[in-house]
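We use all heavy atoms of the structure for the numbers below, so side chains are in, but hydrogens, waters and symmetry mates are not. This is a predicted model, so every value here is computed, not measured.
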Amino acid sequence: MITREQIETVLDHPVHDARGDKIGDARHVFFDDVTGEPEWVSVRTGLFGTSESFVPIHDAALVEDHLEVPYAKDQVKDAPNVDIDAGGHLSEQEEQRLYQYYGIDWDASWQDPHSGTGQATGTTGTTGAADEAMTRSEEEMHVGVERREAGRARLRKYVVTEEQQYTVPVRHEEVRVEREPITDTNRDRAMTGPDITEAEHDVTLYEEQPVVETRAVPKERVRLTTEEVTEEETVTGEVRKERIESEGTDEHGDQRRRP
């Protein structure tokens with residue numbers, strides 16, 4: 001159980017659940033008006049600590065630099081919202097709602113003289129009874145970023161057919177008849193064989209034709225990569241600030257005198 005002397009160590013320090021997960025930071029501690037013992041602690045939860053949830057402090061323990069409560073993080077964050085009057089008190093009805101939510105027997109608590117169950121009074125850091133100072137608090141805006149999926153990119157390879165034209169030289173053979181007169185040089189070869197007969201002589205002709213074949217040739221490597229681009233965006237939010245005014249004093253803080 002947390003004592004009054006440990007309140008300063010609890011306020012504005014982390015609050016963890018039974019598994020050790022951080023729930024938020026302790027904002028206020030509420031004391032039982034009957035016993036004067038700490039009874040509730042409000043924890044700043046939600047995005048940037050914009051909400052406060054109440055959790056019983058009776059079975060909480062101070063572990064190193066944080067407060068550990070025997071409840072799950074989601075259970076504390078989903079605790080019912082309760083109203084606090086101008087004097088910083090929890091009404092009996094509001095406190096009963098919290099007891100029921102956390103499964104605490106309200107009737108048994110009434111019968112236990114050490115458990116309190118009177119109205120609870122809140123404090124933000126003044127634990128001594130003689131300290132008459134008033135604490136002024138302000139909400140601070142903490143802006144962060146979250147990473148989310150913005151889209152997808154895909155490489156897809158497909159085949160297209162293009163028609164290409166090339167001009168290549170081709171050769172072919174044609175028949176040409178050559179005649180030579182009989183001379184002393186070729187007379188002997190011309191006179192061989194019968195004088196008059198029938199004969200044939202064949203000549204094979206050749207030609208070139210274009211031939212087309214294709215081969216797959218690597219040309220380049222293509223891959224997808226990502227790069228981070230930083231842009232500036234302006235966000236707007238509202239923060240609440242407490243102001244303290246004195247009554248019965250002039251602008252210099254001196255007590256006004258009646259004329």
Side-chain angles (χ1 to χ4, degrees), residues 1-4 6-112 114-127 135 137-142 144 146 237-242:
M1 179 172 178
I2 304 302
T3 63
R4 295 182 66 92
Q6 295 175 309
I7 299 303
E8 291 184 357
T9 309
V10 171
L11 292 174
D12 295 323
H13 281 72
V15 178
H16 291 197
D17 66 2
R19 297 176 53 185
D21 296 331
K22 181 180 178 181
I23 305 173
D25 294 327
R27 178 61 175 160
H28 300 86
V29 173
F30 288 79
F31 299 88
D32 190 277
D33 287 347
V34 177
T35 64
E37 297 297 332
E39 186 175 6
W40 301 94
V41 59
S42 65
V43 185
R44 282 181 293 199
T45 61
L47 186 62
F48 309 133
T50 54
S51 300
E52 286 191 38
S53 299
F54 279 74
V55 60
I57 201 173
H58 183 271
D59 295 324
L62 193 60
V63 181
E64 296 179 352
D65 62 341
H66 67 272
L67 183 68
E68 194 168 285
V69 296
Y71 301 99
K73 178 179 180 179
D74 291 339
Q75 183 181 7
V76 175
K77 294 178 66 175
D78 295 337
N81 296 325
V82 296
D83 295 327
I84 303 173
D85 62 22
H89 284 74
L90 281 173
S91 67
E92 180 179 322
Q93 292 76 16
E94 297 287 23
E95 196 168 11
Q96 187 174 4
R97 287 178 59 204
L98 291 172
Y99 268 94
Q100 291 175 348
Y101 176 76
Y102 284 103
I104 301 174
D105 189 348
W106 171 259
D107 295 329
S109 299
W110 269 104
Q111 296 172 5
D112 184 357
H114 300 289
S115 66
T117 69
Q119 285 187 319
T121 306
T123 179
T124 60
T126 56
T127 60
T135 300
S137 303
E138 294 182 0
E139 292 180 341
E140 295 181 352
M141 181 180 295
H142 298 272
E146 63 177 7
E238 294 182 351
V239 295
R240 298 178 299 171
K241 299 181 179 181
E242 295 178 343

- Message: I'd like to know if the side chain of Ser53 and the backbone of Ala79 have a donor-acceptor N/O pair within less than 3.5 Å.
- Response: no
- Message: Just checking Glu238: does its CD atom have more than 12 heavy atoms from other residues, nucleotides or ligands closer to it than 6.0 angstrom?
- Response: no
- Task: Can you sort out the partners of Tyr102 under ring pair (Phe, Tyr, Trp, His ring centres under 6.0 Å), two or more places apart, ordered by chain and number?
- Result: Tyr71
- Message: Give me the atom names and distance for the closest heavy-atom approach of Leu11 to His13.
- Response: O-ND1, 2.9 Å
- Task: Measure across Pro56 and Ile104 and return the closest heavy-atom pair with its distance rounded to 0.1 Å.
- Result: CG-CD1, 3.8 Å
- Mark yes or no for whether Glu242, through its side chain, and Ser137, through its backbone, hold a donor-acceptor pair below 3.5 Å. yes
- Query: Once you round to the nearest 0.5 Å, how far does CD of Glu68 lie from CZ of Arg19?
  - Reply: 12.5 Å
- Task: Give the minimum heavy-atom separation between Ala26 and Val41, together with the two atoms involved.
- Result: CB-CG2, 3.8 Å
- Kindly compute the distance separating CG (Asp32) from CD1 (Ile57), expressed to the nearest 0.5 Å. 12.5 Å
- What pairs meet the salt bridge (charged side-chain N to carboxylate O under 4.0 Å, His left out) rule with one or both residues in residues 53-66, with sequence neighbours excluded? none
- Note on the structure: CD of Glu39 to CZ of Phe31, rounded to nearest 0.5 Å, is 11.0 Å
- With no hydrogens and no angle check, is any side-chain donor or acceptor of Lys73 less than 3.5 Å from a backbone partner on Lys22? yes
- Find the distance between CZ (Arg27) and CD (Glu52) and round it off to the nearest 0.5 Å. 6.0 Å
- Item | Non-hydrogen atoms of His142 and Glu140 that approach each other most closely | CD2-O, 3.4 Å
- Task: Check the angle between the aromatic planes of Phe54 and Trp40 and answer parallel, tilted or perpendicular using the 30° and 60° thresholds.
- Result: perpendicular
- Message: Asp12 vs Asp25, test: side chain to side chain contact (heavy atoms under 4.5 Å, CB included). Steps then yes/no.
- Response: CA-CA 5 Å; Asp12 295 323; Asp25 294 327; 5.8 Å; no
- If only atom types and distance count, is the side chain of Glu139 paired as donor or acceptor with the main-chain N or O of Arg240 below 3.5 Å? yes
- Just wondering, do Gln93 and Arg97 contact through their side chains at under 4.5 Å, heavy atoms? no
- Decide yes or no for Ile23 and Val55: does some side-chain heavy atom of the first lie under 4.5 Å from some side-chain heavy atom of the second? no
- Judged by atom type as modelled, is there a donor-acceptor pair below 3.5 Å linking the side chain of Arg4 to the main-chain atoms of Gly36? yes
- Query: Are Asp17 and Val76 close enough, and set up right, to give a side chain to side chain contact (heavy atoms under 4.5 Å, CB included), and what steps lead you there?
  - Reply: CA-CA 9 Å; Asp17 66 2; Val76 175; 6.0 Å; no
